[in-house]
Asks: 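What follows is a structure written as structure tokens; I'll ask about it next.
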Amino acid sequence: MSDPFDDFPGYEPAAPRAGGIAARALAQVHGAPDFLSALNPEQRAAVETTEGPVLVLAGAGTGKTRVLTARIAHILAQGLARPHQILAVTFTNKAAREMKARIAALIGDGEGMGWLGTFHAISTKILRRHAELAGLKSNFTILDTDDQMRLLKQVIKAENIDEKRWTARTLAYLIDNWKNRGLAPKNVPAGEAAAFANGRGGELYALYQERLKILNAADFGDLLLEALRVLRENPDVLREYQQRFKYILVDEYQDTNAVQYLWLRLLAQRTDPAIKPNLCCVGDDDQSIYGWRGADVDNILRFEKDFPGAKVVRLERNYRSTGHILATAAHLIAHNRDRLGKTLFTDGEDGEKPEVSGVWDSEEEARVVGEEIEQLQHKGHSLDEVAILVRASFQMREFEERFITLGLPYKVIGGPRFYERLEIRDALAYLRCTAQPADDLAFERIVNTPKRGLGDASLQILHDFARLQHIPLMQAARILVETEEVKPKQRSTLRALLKDFERWAGEIGQKPHHELAEQILEESGYTDFWKQEKSVEAEGRLENLKELVRSMEEFPDLGSFLEHVSLVMDVDNADGGERVSIMTLHGAKGLEFESVFLPGWEEGLFPHQRSLDENGRAGLEEERRLAYVGVTRARRRAKIYFATNRRIHGLWQTTTPSRFLDDLPADHVLVTESRGSGSGYGAYAQSRFANIDSFGSRYDTPGWKRAQAHGAKGAQDSGGRGPLTIEGEVLGKTSPGGSFAPGDRVFHLKFGPGSVAGVDGSKLTIDFDKAGRKLVLDSFVEQKSS
DNA sequence: CTTTTCATCTTTTTT
DNA sequence: AGATGAAAAG
């Protein structure tokens with residue numbers, strides 16, 4: 001079956017025999033299989049050099065994916081390995097999906113490739129299998145950015161740190177960076193750890209990690225970091241995987257960051273150091289556009305040193321674009337200094353020259369692009385072959401608005417994602433609470449949604465208690481419901497809610513999980529909540545909820561559905577008809593279109609100011625690579641636009657054309673003077689000089705340095721500590737167990753002074769001087785000395 | 001406890 | 001400009 005773990009226990013290095021799939025692939029060909037004969041000599045070398053390390057430098061449009069898939073097909077057809085012995089790593093789910101599909105096309109069956117997926121998906125798989133080694137249970141939840149942020153906020157608040165000055169966002173950024181570099185809390189360089197919250201950054205990181213373990217949760221960074229840790233600290237586990245993966249393939253190698261690199265190197269290592277790993281990395285240094293996420297181009301530049309004797313194959317024959325487009329892209333990227341240098345060529349025709357047009361503002365930009373696309377449409381071009389590639393997602397809206405009025409069908413790729421919608425996240429929180437009762441973040445999200453009267457005050461009591469006892473919220477609630485700490489009304493609603501969850505949890509596995517989901521949404525009152533809402537949106541939201549339940553049917557059980565949701569945040573839009581694609585340049589990597597529109601080539605937006613500010617020349621070069629990626633997406637038509645005016649943060653600003661326009665070869669591009677646009681095209685020449693300041697002055701200013709600057713002038717708040725946490729601290733020390741006896745004088749923060757009337761385990765019956773007799777928990781009262 | 005108002009911040013890119 | 005989040009009013 002396709003379960004990759006099935007054959008784990010009794011695993012032996014398989015004899016190179018042809019398994020079912022491979023045998024079929026072999027049987028259908030004589031001599032060179034057609035997936036080999038279709039390759040050019042370089043591609044073929046990359047495919048057929050199966051043994052030892054191979055680096056494929058694949059320029060844009062040179063058949064990179066084809067090489068990867070053919071290589072896998074070849075390995076299988078030769079009987080060198082079985083599908084589950086091949087580790088194939090991609091960066092995006094899209095790429096993984098496509099690779100699976102293409103392998104299936106070559107070989108007739110894409111199943112069995114259990115280890116083809118994103119770094120994150122594969123790490124998750126490993127981590128689930130050995131969760132205990134990472135301090136987790138195998139059903140751990142994967143937190144998305146939103147959950148992560150909320151958790152960080154809690155940690156910051158709990159430590160009495162001014163959350164205005166030291167935001168969760170900044171901390172998230174720091175922690176992410178550390179994780180990307182493979183640094184656990186104890187490994188973070190002291191200087192960096194000190195840069196947040198007056199030296200408490202490292203401490204907060206450690207606390208956050210601790211909280212994650214209590215919640216039985218991992219964030220995105222953890223998936224890789226913890227998987228790496230498991231492999232590092234458990235040689236036997238590592239060996240298992242090293243033996244299993246006879247062949248390793250990596251897509252987009254230029255985008256690997258430090259953890260990913262370490263992770264890969266560990267898995268690729270052979271037990272016998274004399275044996276070279278069968279590792280094939282495919283990448284293009286000119287398309288490295290994830291530096292901001294910790295990607296290190298050096299990984300690709302260093303490959304031959306890391307893996308001595310590596311064979312390097314260069315793919316320079318471009319099959320995608322026409323001559324003019326290729327020449328334009330080549331001339332553009334040639335302005336970068338840090339590159340290996342490749343010369344792409346094509347035998348194809350020159351085709352149309354790419355066009356550069358200036359427009360008055362972003363509105364005109366959208367209008368002009370809309371018109372151009374309509375013209376293409378009239379000439380019989382398919383809208384599926386048209387894409388608009390923007391630098392930042394806020395640019396999308398104007399195009400959408402314009403296209404709606406034109407009635408031009410479009411799809412936004414990587415836009416607001418299905419699983420990120422409010423109602424979907426709420427619904428998921430219900431499911432998560434049911435499946436994973438320790439999931440505090442999910443619980444918090446829905447305790448009071450729909451409104452139940454369980455507000456901040458009640459939640460705070462739960463929180464304090466849970467924190468004190470180091471238990472999940474739900475468990476805390478279960479205990480507190482037995483006492484009178486929480487007001488009677490909220491106590492009974494809370495009790496009812498807990499009962500609901502218990503009932504639902506009992507139904508897991510008893511009935512189809514999509515039916516259970518529907519039942520949960522119904523019984524919790526969540527669907528009614530939206531039905532009563534009379535806004536226009538409510539209907540759409542209910543529709544989305546239905547869609548959610550429907551989509552669950554495709555998964556075998558609740559667990560695998562939740563997993564899918566957290567790793568694959570987007571959902572396949574079942575296509576109805578041709579549509580123009582609108583997406584970011586980052587999202588466009590790996591895709592190609594007949595016609596590509598590239599709006600917004602203005603200084604500050606593209607290259608983005610922030611990239612320049614934070615990373616200086618390196619930032620600029622990355623932006624230029626992004627431009628290169630954009631241009632090389634086009635097969636036959638590329639149109640570039642720059643607007644003279646653009647609205648930024650709500651106010652109109654005059655902009656300068658992008659310096660990248662200077663980098664284009666005059667004899668390969670067509671410059672169109674837009675009617676109505678006041679700015680002459682020549683105006684952009686000034687940009688060079690206008691921006692020297694921001695360009696050259698601050699080369700290496702990572703975010704934490706800025707944070708440090710803040711720290712220098714910011715006096716820390718030692719004054720305003722919240723009373724609640726004081727209570728927590730004091731109580732934590734004063735009540736280690738139940739040393740109360742009837743007659744003791746005690747003090748309760750809410751009910752005031754009183755005397756103990758009875759003791760039952762941790763529950764105390766107390767006659768309060770003012771509030772009368774109450775049943776409370778010992779952790780909430782303080783013993784009075786006199 | 002909920003609803004309203006006011007202020008702040010945002011807009012780089014993603015698993 | 002718009003969304004989100006905290007303080008203030010009901």
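This structure is a prediction, so every number in the text was calculated from the model and none was measured. Every chain is numbered from 1, with letters handed out A, B, ... down the list of sequences.
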Asks: Take the protein atom CG of A:Asp146 and the nucleotide atom C1' of B:dT14, then report the distance between them rounded to whole Å.
Replies: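 One finds 15 Å between C1' of B:dT14 and CG of A:Asp146, rounded.
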Asks: With a 6.0 Å cut-off on ring centres, are A:Tyr628 and A:His335 close enough?
Replies: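 That pair fails the under 6.0 Å test.
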Asks: Identify whether a stacking contact exists between A:His649 and B:dT11, where the ring centres must be under 5.5 Å apart and the planes under 30° apart.
Replies: no
Asks: Which of these, A:Asp285, A:Asp284, A:Asp286, sits in a side-chain hydrogen bond (donor to acceptor under 3.5 Å, both in side chains) with A:Arg339?
Replies: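 That would be A:Asp286; it is the only one of A:Asp285, A:Asp284, A:Asp286 passing the side-chain hydrogen bond (donor to acceptor under 3.5 Å, both in side chains) with A:Arg339.
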Asks: Looking at every non-hydrogen atom in both residues, tell me the closest pair between A:Arg391 and A:Phe606 and how far apart they are.
Replies: CD-CD1, 3.6 Å
Asks: What distance, rounded to whole Å, do you find between the two C1' atoms, one in C:dG5 and one in B:dT12?
Replies: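 Pairwise C1' distance, C:dG5 against B:dT12, rounds to 23 Å.
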Asks: Could you work out which one of B:dT11, B:dC1, C:dG2 sits closest to the side chain of A:Ala457?
Replies: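 Of all the options, the side chain of A:Ala457 is nearest to B:dC1.
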Asks: Measure from CG on A:Leu626 to C1' on B:dT14 and round the result to the nearest Å.
Replies: 13 Å
Asks: Rounded to the Å, how far apart are A:Leu143 CG and B:dT15 P?
Replies: 17 Å
Asks: Provide, to the nearest angstrom, the distance between the NE2 atom belonging to A:His586 and the P atom belonging to B:dT15.
Replies: 11 Å
Asks: Roughly how many Å apart are C:dT4 and B:dT13, using the P atom of each and rounding to a whole number?
Replies: 16 Å
Asks: Can you check the A:Asp147 CG to B:dT15 P distance for me, whole Å?
Replies: 17 Å
Asks: Please check the phosphate of B:dT15 (OP1 and OP2 only) for any side-chain N or O of A:Thr145 closer than 4.0 Å.
Replies: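 For B:dT15, OP1/OP2 do not have a side-chain N/O of A:Thr145 under 4.0 Å.
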Asks: Where each residue is assigned the nucleotide of DNA chain B containing its nearest heavy atom, which of A:Phe394 and A:Gly455 is assigned the position nearer the 5′ end?
Replies: A:Gly455
Asks: From C-beta outward on A:Thr118, which listed nucleotide comes closest to its side chain: B:dT12, B:dT13, B:dT15?
Replies: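 Comparing B:dT12, B:dT13, B:dT15 against the side chain of A:Thr118, the answer is B:dT15.
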Asks: Between atom CG in A:Leu422 and atom P in C:dA3, what is the gap in whole Å?
Replies: 13 Å
Asks: At 4.0 Å (heavy atoms only), tell me whether A:Phe91 reaches a base, stays on the sugar-phosphate, or touches nothing.
Replies: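 Sugar-phosphate contact only - A:Phe91 comes under 4.0 Å of backbone atoms but never of a base.
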Asks: Between A:Trp292 and A:Tyr290, does the ring centroid distance fall short of 6.0 Å?
Replies: yes
Asks: Nearest 0.5 Å please: distance from the CD1 atom of A:Ile142 over to the CG atom of A:Asp147.
Replies: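 Answer rounded to 0.5 Å: 11.5 Å.
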Asks: Choosing from B:dT14, B:dT15, B:dT11, which nucleotide comes nearest the side chain of A:Arg169?
Replies: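 Taking heavy atoms from C-beta onward, the closest nucleotide is B:dT11.
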Asks: For A:Phe597 and A:Tyr641, take the angle between the two ring planes, folded into 0 to 90°, and tell me which bin it lands in: parallel under 30, tilted 30 to 60, perpendicular over 60.
Replies: parallel
Asks: Could you tell me the separation between the CG atom of A:Asp255 and the C1' atom of B:dT14, rounded to a whole number of Å?
Replies: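 Taking atom C1' of B:dT14 as the reference, CG of A:Asp255 is at 11 Å.
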Asks: Could you pick out which residue, A:Ser458 or A:Glu622, lies toward the 5' side of DNA chain B when each is mapped onto its nearest nucleotide?
Replies: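 Per heavy-atom nearest nucleotide, the more 5' residue is A:Ser458.
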Asks: If you look at every strand shown and take non-hydrogen atoms under 4.0 Å, does A:Leu605 touch a base, only sugar-phosphate, or nothing?
Replies: nothing
Asks: Looking at B:dT13, which nucleotide sits across from it as a Watson-Crick or G-U wobble partner, both distances under 3.5 angstrom, or is there none?
Replies: none
Asks: Using a 4.0 Å cut-off on heavy atoms, which residues in residues 284-293 of chain A reach DNA chain B? List them by number, or say none.
Replies: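 Close to the strand are A:Tyr290, A:Trp292, A:Arg293.
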Asks: Any chance the side chains of A:Gln154 and A:Glu444 put a donor and an acceptor closer than 3.5 Å?
Replies: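 On atom types as modelled, these side chains qualify, holding a pair under 3.5 Å.
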Asks: Could you tell me which non-hydrogen atom of A:Ala295 sits nearest to which non-hydrogen atom of A:Asp255, and how far apart they are?
Replies: CB-O, 3.3 Å
Asks: Looking at B:dT2, I'd like to know if its phosphate oxygens (OP1 or OP2) sit under 4.0 Å from a side-chain N or O belonging to A:Asn448.
Replies: yes
Asks: Ignoring hydrogens and angles, answer whether the base of B:dT12 and the side-chain atoms of A:His608 contain a donor-acceptor pair closer than 3.5 Å.
Replies: no
Asks: Closest approach to the side chain of A:Phe220, judged atom by atom: which nucleotide of B:dT15, B:dT3, B:dT12 is it?
Replies: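 The answer is B:dT15, which lies nearest to the side chain.
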Asks: Does a side-chain N or O from A:Ser393 land closer than 4.0 Å to OP1 or OP2 of B:dT13, or not?
Replies: yes
Asks: In whole angstrom, give the distance that lies between atom CG of A:Asn180 and atom P of B:dT14.
Replies: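 These atoms are roughly 15 Å apart.
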Asks: Less than 4.0 angstrom between a side-chain N/O of A:Ser611 and OP1 or OP2 of B:dT13, yes or no?
Replies: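 False: A:Ser611 side-chain N/O out of range (4.0 Å or more) of B:dT13 OP1/OP2.
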Asks: Give the C-alpha distance, both sets of side-chain angles, the deciding distance and a yes or no for side chain to side chain donor-acceptor pair (under 3.5 Å) between A:Asp464 and A:Gln460.
Replies: CA-CA 6 Å; A:Asp464 290 346; A:Gln460 192 61 54; 3.2 Å; yes
Asks: Using a heavy-atom cut-off of under 4.0 Å over every strand shown, decide if A:Ala121 touches base, sugar-phosphate, or nothing.
Replies: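 A:Ala121: no heavy atom of the nucleic acid under 4.0 Å.
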Asks: Which nucleotide sits closest to the side chain of A:Arg397: B:dT12, C:dG2, C:dA1?
Replies: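 Selected nucleotide (nearest to the side chain): C:dG2.
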